[in-house]
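Inspection log for the structure reproduced underneath, given as C-alpha cells.
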Amino acid sequence: MAKKILVVGGGGREHAIIKALKKSPDCGEIWCAPGNGGISYDAKCKNIKATDVETMVAFAAEEKFDYVVVAQDDPLALGMVDALAAVGIPAFGPDKAAARIEASKVFSKDLMKKYGIPTADYATFDDPAKVMDYIKAKGRYPVVIKADGLALGKGVLICENEEQAADGVKEIMLDKKFGASGNHVVVEEFLTGPEVSVLSFTDGKVVKPMVSSMDHKRANDHDTGLNTGGMGTVAPNPYYTPAIAAECMEKIFLPTIQAMNAEGCPFKGCLYFGLMLTPDGPKVIEYNCRFGDPETQVVLPLLESDLLKIMAACTEGTLADTEVKFSEGAACCVILASGGYPVSYEKGKPISGLTNGQLEGESSITVYHSGTALREDGTLVTNGGRVLGVTATAPRLTAAITQAYAAAEKISFEKLHKRTDIGMRALKAIAER
C-alpha cells in the first residue's frame, strides 16, 4: 500500500531523504514543507515554517499523511513528533523528551557523565563571571565554549587564549548572539584527533549504524576560515576502522540508547554521533537528534536497503528484524555556496548548468538543493548560504572526489564559492595505512 509522506524541513538533507524515500516501492505521493525550489522537482512543496508545529500538524491531519519524517532539529525539540502522535500520525524522529540529547548540551553532557560514556572533561555554567574563573583556574588552551541550546550548528567557540575566551563568553552569554541558547554554557577540554560522524538508526532498543562520514566545517581550503554548517563530506571515513566501530558500539552507541531508556526518554529515529578519535580512544563531541547536513548527502546515496521500511521499523520498534545495508563504495559531496557565506551573502543569483535541478546524463551524480528558489518564469536561483550539494558515488573514494568536482565545474552562478580540497584528508589517511 503506497504511503503518502510528508518530510519536514527545506534543505539539502531533506532533499537527500526525499530522493532515498522515492526509491521505496511503498512510497506514494511525497510532500516537503517548507521545501525549496530544487526540492519541488521531486516533491510537492508547502510553504509552512518547519518550526510552526501547530500549522504543520494541522496540515498533516488535513492532508491525511500516512507518515511524516521530521528531519530538522528545531521542530523535534519543539515536540512535533509528540503533536503528530496526538492526532494519530506516525512519524520518524525522537519525541520532545528524547530530542533534548541535542537541544540541551547540558543534558547530553550530564547524561554521558552519569552513564560513563567517554567524552571531554567539562563544566556547566549560567553565570558569565564563574565561567572565566573556571577557565583561568584550569589554564588550559585551547578551550571549547558551547551554547547550551540549538544554534544552527554554530554555537561552538574554540578559544586559543584568555582574551578569546572572555570575548566568547561575552558573545554567547551577554550579547546573546545565539539568543536564549546562550543562557547556559558548557566549557570543555579541547580534544585532538580525527573527527568522525556516525549516523545511526535506532528504535530505542537496537542501534544500526550507517556508513561513517567526514565533514569539512571550515569555509576555506586547508580547514581555514569561519566555521560553517559544512562545506562538503566524504563517506566512508577511513579513520573509522572495523575495530573502532566495534569499540564505539560497545562503549558509546549502545550505552547511549540504554542511558536514554534509563532516563525515561527512549530515543527513536536517527541518532548522530559526532566522535573524536583521541589518543585515549573514541569520545563523543556531540549528539544530534536527526540526520546531519551535509553528511546525509553522502550516507543515503550509499544505502542499498529500503529507507521507508527502515524508518517505519524505527517508529514501530521492529528494527532488529529489518535489513540496513550499505554499498561497499564511496561518496563525495562538494557544497556550492554563496560568496560571503557564512556571514553575509546575496540571494537571487540565476543558476546555470542544470536541467530540472539535475545534471543531465550523469547517473552517478546527484545534485541536492540546500538553498534554491524557483522564480515564476521557472528560473532556478540561489536562496541561501549553502546553495547546492554535488554528490558523486563510485567504487573508490578517489573516483568519487574526482567525479564530484568534475560535475561541480558544470554548474555556475555569480559569486559561487566552494572548497577545492574536500576529501583530501581522507585520501591522505588511506595512503598512510
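Residue numbers start at 1 and run along the sequence shown.
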Enumerate donor-acceptor pairs with a distance under 3.5 Å from any side-chain N or O in residues 91-100 to protein atoms, sequence neighbours excluded.
from: Asp95; atom 1: OD1; to: Ala97; atom 2: N; distance (Å): 3.4
from: Asp95; atom 1: OD1; to: Ala98; atom 2: N; distance (Å): 3.0
from: Arg100; atom 1: NE; to: Ala97; atom 2: O; distance (Å): 2.9

| task | Kindly indicate whether a cation-pi arrangement holds for Lys113 with Tyr122, taking the cut-offs as under 6.0 Å to the six-membered ring centre and within 45° of the axis. | result | yes

| query | Do the side chains of Leu388 and Ile335 get nearer than 4.5 Å, heavy atoms only? | reply | no

| query | If you measure from the Lys or Arg side-chain nitrogens to the Asp or Glu carboxylate oxygens, is any gap between Arg425 and Asp223 under 4.0 Å? | reply | yes

| field | Any Thr124 side-chain heavy atom under 4.5 Å of His184 side chain | value | no

| Considering all heavy atoms of both residues, which atom of Cys289 and which atom of Ile101 are nearest to each other, and what is their separation? | CB-CG2, 4.2 Å

| said: Is the shortest side-chain heavy-atom distance between Lys130 and Phe125 below 4.5 Å? | reply: yes

What pairs of donor and acceptor atoms, side-chain ones from residues 249-277 against any protein atom, are under 3.5 angstrom apart with sequence neighbours left out?
from: Lys251; atom 1: NZ; to: Glu247; atom 2: OE2; distance (Å): 3.3
from: Thr256; atom 1: OG1; to: Ile252; atom 2: O; distance (Å): 2.6
from: Thr256; atom 1: OG1; to: Tyr287; atom 2: OH; distance (Å): 2.8
from: Asn261; atom 1: ND2; to: Gly204; atom 2: O; distance (Å): 2.9
from: Asn261; atom 1: ND2; to: Ile257; atom 2: O; distance (Å): 3.4
from: Glu263; atom 1: OE2; to: Lys114; atom 2: NZ; distance (Å): 2.7
from: Glu263; atom 1: OE2; to: Tyr115; atom 2: OH; distance (Å): 2.5
from: Lys268; atom 1: NZ; to: Thr315; atom 2: O; distance (Å): 3.1
from: Tyr272; atom 1: OH; to: Ser197; atom 2: OG; distance (Å): 3.2
from: Tyr272; atom 1: OH; to: Glu295; atom 2: OE2; distance (Å): 2.9

| Do the two ring centres, one from Phe59 and one from Phe65, sit under 6.0 Å apart? | yes

| message | For Glu54, I'd like to know if atom CD has over 12 heavy atoms of other residues, nucleotides or ligands within 6.0 Å. | response | no

| field | Heavy atoms of other groups near Lys176 NZ, more than 12 under 6.0 Å | value | yes

| said: Check Lys109 with Glu188, please: is the shortest side-chain N to carboxylate O separation under 4.0 Å? | reply: yes

| message | Do Lys349 and Val381 have side chains that approach each other closer than 4.5 Å (heavy atoms only, starting at C-beta)? | response | no

| query | For Lys205, what residues pass the salt bridge (Lys or Arg N to Asp or Glu O under 4.0 Å) criterion, not counting sequence neighbours? | reply | none

